[in-house]
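What follows is a set of notes on a single structure, which appears directly below.
Any value given below was found using the heavy atoms of this structure, including those in side chains, with hydrogens, waters and symmetry copies removed.
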2 protein chains.
Amino acid sequence: MTVDRDQVLRTAAALLTRKATATMDEVARAAGIGRATLHRHFAGREALVRALEELGIRELEAALDAARLDADGAPDALRRLVTEVEPVAGLLAFLVTENQLFETEQMHEGWARIDARVSALFRRGQEQGEFRIDLTPAWLTEALYGLIGSGAWAVQDGRVAAKDFQYMIVELLLGGARRSVEK
Amino acid sequence: MTVDRDQVLRTAAALLTRKATATMDEVARAAGIGRATLHRHFAGREALVRALEELGIRELEAALDAARLDADGAPDALRRLVTEVEPVAGLLAFLVTENQLFETEQMHEGWARIDARVSALFRRGQEQGEFRIDLTPAWLTEALYGLIGSGAWAVQDGRVAAKDFQYMIVELLLGGARRSVEK
DNA sequence: CCCCGATGAGACATTCGTGTCTCATCGGGG
DNA sequence: CCCCGATGAGACACGAATGTCTCATCGGGG
């Protein structure tokens, strides 16, 4: 009888990922509940988006944990990261867009935590001589986000196969487009 | 006396790049004209966005021309492309977001033309043995867009220096993050 | 079996952006 | 110097989405 708040959130995430401008009414219908009930659980669209943000951050941090970023070489850790992040990629893309849309009225601290962990991975790779040092960890982090977003959209629009998601992103990010003799 | 339509468009582009949800009134004020006048030149927000889209496509195609994608090796052509695209990157990022926001009520043919030219560059690189062939031209094109977008946002937010824009994007796209012995 | 809390449907007021219109004003060309 | 077109400011109506509220209904736990 009682609405499953988490289920509603995931449905909303799936919908908003496809259509970022979806109405509260559309979100409610998608979740199979009434608009009034949706409002009882989330006091307005902003609250809903914030809840989604927290969900995204939670899942992303879970993905970071699962990827064991400190283990093995940085390249392998990066592979695991992208693999783990893949299911969250759509939500992530939505949240990033949402954030840069409504000029950050104050960024959630969770993003900073996540940025720090990802940056640390790239920094570790540089220190261990696996990553080049002329590209800053900050840029590599941004680039990773960008590629994940592009990958998510491309998969969603059917321009690339979902099964290639991880491979394409990691291969491009690690090795680049240039054909290398050492490969 | 008469409003400079092109100047209004460029001002609107600059504003909407920073704040994609800016009001018609905000756009008018930013351009230093009245809202009524703005409406006289662009019959509504949609018309304005379409005009911006045409401007973006026009400038992007001009950048493609200036980059002489057919000359030299594909890597060098790609470098030139990113250099030429840099001034349009912000507008480009806005338009991409706008497009994926309001589910394509029909994509402007210009994008297809541009996609074709960029893809062709990557394909040429593959055929001439300069680019690896396990990453499809379609994905490389998407990735380029994603990196340009990320770069534009990162520069706008001051997370990376504007002067590094071209270098960061091209280096990452061509060589990847991995430290290569041949470099 | 009944009751109470949760829900769904819908009415309603409010807010916000849009699009149209009017009118006074400005300014350059004739 | 005057006139006419373009402009700016603002009023106004409209539509869309939001947020609140009421009321009937449903269903599980006591």
Residue R35(A), side-chain atoms from C-beta onward, closest of dT20(D), dA9(D), dG8(C):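 The listed nucleotide nearest to R35(A)'s side chain is dT20(D).
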Which listed nucleotide (dA9(D), dT20(D), dC21(D)) is nearest to the side chain of A36(A)?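 Within the option list, the nearest is dC21(D).
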Does a side-chain heavy-atom distance below 4.5 Å link R80(A) with D72(A)?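 Heavy-atom side-chain distance check passes, below 4.5 Å.
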Determine whether a donor-acceptor pair (one donor, one acceptor, N or O, separation below 3.5 Å) exists between the side chain of R40(B) and the base of dG8(D).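 Per atom types, the contact qualifies.
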Side-chain donor or acceptor of R45(B) under 3.5 Å from a matching atom on the base of dG17(C)?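 Result: no qualifying N/O pair found.
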Any H41(B) side-chain nitrogen or oxygen under 4.0 Å from OP1 or OP2 of dA6(D): no
[X] has an atom [atom1]; how far is it from atom [atom2] of [N], in whole Å?
{"X": "L48(B)", "N": "dG19(C)", "atom1": "CG", "atom2": "C1'", "value": "14 Å"}
{"X": "Q7(A)", "N": "dT7(C)", "atom1": "CD", "atom2": "C1'", "value": "17 Å"}
{"X": "M24(B)", "N": "dG15(D)", "atom1": "CE", "atom2": "P", "value": "19 Å"}
{"X": "L38(A)", "N": "dT20(D)", "atom1": "CG", "atom2": "P", "value": "12 Å"}

Does [N] have a Watson-Crick or wobble partner in any strand here, with both distances under 3.5 angstrom, and which is it?
{"N": "dA24(D)", "value": "dT7(C)"}
{"N": "dC14(D)", "value": "dG17(C)"}
{"N": "dG30(C)", "value": "dC1(D)"}

Salt bridge present between E171(B) and R178(A) (N-O < 4.0 angstrom): no
Salt bridge check: are R50(A) and E46(A) linked by an N-O gap of less than 4.0 Å? yes
Validation: residues 56-69 of chain B side-chain donor-acceptor distances under 3.5 Å, sequence neighbours left out:
| unit_1 | atom_1 | unit_2 | atom_2 | d |
| --- | --- | --- | --- | --- |
| E59(B) | OE2 | R10(B) | NH1 | 2.7 |
| E59(B) | OE2 | R10(B) | NH2 | 3.0 |
| E61(B) | OE1 | R113(B) | NH2 | 3.3 |
| E61(B) | OE2 | R113(B) | NE | 3.0 |
| D65(B) | OD1 | R117(B) | NH1 | 3.3 |
| D65(B) | OD1 | R117(B) | NH2 | 2.8 |

